[in-house]
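To start, the structure under review is shown below, and the notes come after it.
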Amino acid sequence: MLTLRSKALDTVQNRKTISVNPPSVKISDYFNINVFNDDSMKQFLSKEAYNAVTAAVKKGEKIERAIADQVASGMKNWAINRGVTHYTHWFQPLTGATAEKHDSFFEPTDDGRSIEKFAGGALVQQEPDASSFPSGGIRNTFEARGYTAWDPSSPAFIMEGSNGKTLCIPTVFVSYTGEALDYKAPLLKALHAIEKSIVNVCSSYFDKNVTKSFASLGIEQEYFLVDEAMCIARPDLMLTGRTLVGLSPEKGQQLEDHYFGSIPPRVYDFMVDYETECYKLGIPLKTRHNEVAPSQYECAPNFEEVNIAIDHNQLLMDVMEKVAIKHKFKVLFHEKPFAGINGSGKHNNWSLITNTGTNLLAPTKNPETNLQFLSFFVNVIKAVHDHADLLRASIASAGNEHRLGANEAPPAIMSIFIGSQMTDILESIFSNKKASNTNKVTSINVINIPDILLDNTDRNRTSPFAFTGNKFEFRAVGSSANCANAMIVLNTIMADQLNTFKVEVDALIKKGNKKETAILEVLKTYYSSSKKILFEGNGYSQEWVKEAAKRGLNNIKNTPEALNAYISKKSLELFVKNKIFNKVELEARYEIMQELYVKKIDIEAKLMAQLAISHVIPAGIAYQRNLAENVKAMKDAGLPKTDCEIQVNMIKNLAQHIKIISVNVDKLLSEIDKAHHLSDSHKTALAFCDKIKPLFEPIRKSSDALEFLVDDELWKLPKYREMLFVK
Ligand code: ADP
Ligand code: MG
């Protein structure tokens, strides 16, 4: 019988290219056409409705019910014009995926006919029941109902299928009692907090014209592409998004011939196709290239306001997965699909921008604005220093655990890279140290940061949090993550820090200090108390692990422990004070994240057992049988025993590995059972981390040894070289 593996190889070699026809040669011709954007609003809304929506977006004002009816009607007309039949509230529950439940505009009437209807009520709020989404216990204790509520700051858009179109309305998802059950609700609160604190600091000290601001985010998305047929033949890739067994190929990424290499034609077609869909949805994709590992790629959009950037990233992943089906690919967003070669991350490029067009993290020549830059820059360092554990928690997941602290990814130690020029500048201003080499810095009284900073190309790829000239790049975020977790934390700690900064500076001013002196004084204490988080060296090195320990920086390698930072007293205070989460919400979220961790590893463990028993061991046994027959034939032919030694040793060797696998699979299954019977969820999560995960290793090692030994014809699972190099 033909194995799935050989079928897959055959299929891949016979793949035809899929032609892609973007609506126009010029992207600008169709960019945003599927978005209810400013232009379409002007066209389809009354002046009154248009103003109401704009005020809601710009000033967070509430939209009255009567106006909502008008907006809904305009939106419906726009959508129907574009061939839409259904609408849905589009939200981001804590599963990590996006959720939608479609309703049609179509409504039968009493006279046996029908109309297309979409009222304000359906736009503003819905009750999708949706009781199966994770709630961390919130909904068991109170009411099972969950509500979705319109987020006017993110525009509605049309999702196109090959046989129909749906109007999607971005919403938050909350419980009957008002607790957040999604990523967006707390994110919006965190973004509100950061905006308020920026405006407060800027307008008080630096620029009266700053009345609004936003946090910006540019998300680089790494991913792997594997042929669909290969995936079907690999149950582990299908169900968990990563390979649980598999011998590393002789050639992986050593030659570095994939990075920025020419894009394979089939992949190129896929890229053009999903990019086209993304442009229609207003996702401003800008770059595409091959990444370091074979079959690994990356794309990045232009940066946008955080809420929109995250909606767009969630949408991007969804679009990519759908378009991939057409091209017979499977997109792997998992942080570590293949052992032994690079994993994937999602770099979060983050900055703070004002309504006056100033990037607060971009240094300039002007001394006045330099003090502003310096203030924001040092406050970021202080915030990250003070809440490093919480930031670490915000990126903790079962998938990212394979990356953080492993050898080729940002370490689990939170540190900040700022480059030699910024280091010099901070040292000279705050520690009165003379600047080294060419970086000219004048004294503390003349706050003058030279312009050369903008050409700063200092790069450190090993830092989890790096300053890259005019923004910080949070690199430790996992490739499959919803960036909201990281952005809720980052923006909250920054907002809180800026508020403290304001209070402390004001206190010094009140004592009679000049504004500039007060600011510098406060920044100086921040710098000296938090500079231990700054690290310029190789973050992947063992020396850093030792050095970080000496500095008292934490190195929390596993998820269950990392997540504890969410429910510390300090975090609770932070979130409650800034009105991001209440205690119930925070504890629920913590429960959900632990639960998700357990579920992911539980699935992997059971699948590992299944693969071992039904794929790996049978291949070993089949080969053993062949060898045994061979030995018997040799003996029958009258050959002396010594001539059969090699075969006999191979049989023994196979038997050894089969035994190791079998023994550890039994252990694995019994540990899973035990873990599920533990008294609390944290203990269960720890058991999955400390007892169950380690058992993957001997099973995998022996399975990979069998893959090395067994006759290739008998091996049923596609091999790494086939998944990574055949396309
Ligand atoms: P690299 O791979 O060198 O880090 P990329 O071009 O792949 O660079 O990604 C850089 C990302 O940073 C882009 O998404 C870009 O839009 C974003 N970016 C640039 N300036 C800012 C800013 N001020 N705030 C947030 N993101 C920014
Ligand atoms: Mg980058």
Side-chain angles (χ1 to χ4, degrees), residues 190 193-194 197-198 201 215 348 350-352 360-361 373-396 404 410-419 422-427 429-431 433 460 462-468 471-477 486-505 519-537 539 544-556 562 564-566 568-575 577-578:
I194 186 100
S197 64
I198 291 171
V201 166
N348 278 216
W350 170 84
S351 191
L352 304 169
L360 295 166
L361 293 173
F373 160 71
L374 211 55
S375 298
F376 282 90
F377 190 76
V378 174
N379 272 290
V380 173
I381 296 175
K382 174 90 163 94
V384 172
H385 170 272
D386 289 1
H387 297 283
D389 288 355
L390 185 57
L391 208 54
R392 165 70 183 90
S394 77
I395 48 159
L404 301 177
I413 309 160
M414 287 296 123
S415 70
I416 308 179
F417 168 87
I418 59 170
M422 276 316 299
T423 305
D424 264 5
I425 285 161
L426 296 187
E427 278 294 304
I429 296 178
F430 299 120
S431 311
K433 281 215 186 100
N460 183 330
T462 66
S463 176
F465 200 91
F467 181 61
T468 46
K471 60 189 186 294
F472 279 93
E473 193 168 330
F474 190 15
R475 299 219 186 91
V477 184
M487 284 297 123
I488 290 166
V489 169
L490 184 58
N491 289 289
T492 303
I493 63 176
M494 187 60 184
D496 189 65
Q497 178 50 48
L498 286 174
N499 293 342
T500 309
F501 173 67
K502 177 79 178 26
V503 170
E504 293 184 353
V505 171
I519 290 175
L520 276 169
E521 203 47 49
V522 172
L523 292 181
K524 190 173 177 174
T525 59
Y526 287 174
Y527 179 66
S528 74
S529 67
S530 50
K531 69 189 266 194
K532 71 169 192 286
I533 194 114
L534 301 178
F535 179 63
E536 303 291 301
W544 171 228
V545 175
K546 282 189 213 140
E547 164 71 16
K550 243 198 263 164
R551 293 190 192 184
L553 300 176
N554 280 336
N555 183 5
I556 309 166
N564 281 338
Y566 267 110
S568 70
K569 202 165 154 264
K570 191 170 155 191
S571 301
L572 181 64
E573 266 171 32
L574 170 84
F575 285 126
K577 183 166 61 159
N578 290 285

Audit row: Asp389, Asn564, side chain to side chain contact (heavy atoms under 4.5 Å, CB included) steps and yes/no: CA-CA 9 Å; Asp389 288 355; Asn564 281 338; over 6 Å; no
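- Residues Arg475 and Ser463 come closest through the heavy atom pair NH1-O, 3.1 Å.
- Although no hydrogens or angles enter the test, the distance criterion places a donor-acceptor pair under 3.5 Å between the side chain of Thr462 and the main chain of Gly539.
- The closest side-chain heavy-atom distance from Phe575 to Thr492 is below 4.5 Å.
- Listed for the Ser571 side chain is a donor-acceptor partner under 3.5 Å among the backbone atoms of Ala565.
- Counting heavy atoms from C-beta on, the side chains of Leu523 and Asn379 come closer than 4.5 Å.
- The distance from the OG1 atom of Thr423 to the CD atom of Glu427 is 7.5 Å, given to the nearest 0.5 Å.
- Taking OG of Ser528 as the start and NZ of Lys382 as the end, the distance is 9.5 Å to the nearest 0.5 Å.
- Between Val477 and Ala486, the shortest heavy-atom contact is CG2-CB, 4.0 Å.
- Closest of all the heavy-atom pairs between Ser351 and Lys471 is CB-CB, 4.1 Å.
- By the 4.5 Å heavy-atom criterion applied to side chains, Val380 and Leu361 are counted as neighbours.
- Counting heavy atoms from C-beta on, the side chains of Tyr527 and Ser431 come closer than 4.5 Å.
- Residues Trp544 and Asn555 have side chains not in contact (no heavy-atom distance under 4.5 Å, counting atoms from C-beta outward).
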- Item | Criterion side chain to side chain contact (heavy atoms under 4.5 Å, CB included) on Trp350 and Asn491, from CA distance to verdict | CA-CA 10 Å; Trp350 170 84; Asn491 289 289; 3.0 Å; yes
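- Residues His387 and Gln497 fail the side-chain proximity criterion, which asks for heavy atoms closer than 4.5 Å.
- Considering CZ of Phe467 and CZ of Phe377, their distance stands at 5.0 Å, rounded to 0.5 Å.
- Between atom CD of residue Glu504 and atom CD1 of residue Ile519 there is a gap of 12.5 Å, rounded to the nearest 0.5 Å.
- Scanning both residues, Lys524 and Phe430, for their nearest heavy atoms gives CE-O, 3.3 Å.
- Contact between Val201 and Lys502 at its shortest, heavy atoms only, is CG2-CB, 4.3 Å.
- No side-chain donor-acceptor contact under 3.5 Å links Arg551 to the backbone of Ile533.
- Judged purely by atom type and a 3.5 angstrom limit, Arg392 has no side-chain atom pairing as donor or acceptor with the backbone of Ala562.
- Judged as a side-chain hydrogen bond (donor to acceptor under 3.5 Å, both in side chains), and not counting sequence neighbours, the contacts of Asp496 are Lys577, Asn578.
- Annotation: ring-ring contact (aromatic ring centres under 6.0 Å, His included) contacts of Phe465 (sequence neighbours excluded): Phe472, Phe474.
- Using a 4.5 Å heavy-atom threshold, the side chains of Leu572 and Lys569 count as separate.
- Contact annotation: the side chain of Leu390 never approaches that of Lys570 to less than 4.5 Å [non-hydrogen atoms, C-beta and beyond].
- Residues passing the side-chain hydrogen bond (donor to acceptor under 3.5 Å, both in side chains) test with Tyr566, sequence neighbours excluded: none.
- Shown are Leu498, Asp386, Leu574, Ile488; of these, the side-chain contact (heavy atoms from CB on, under 4.5 Å) with Ile493 is made only by Leu574.
- Across every non-hydrogen atom of Ile416 and Glu536, the tightest pair is O-OE2, 4.3 Å.
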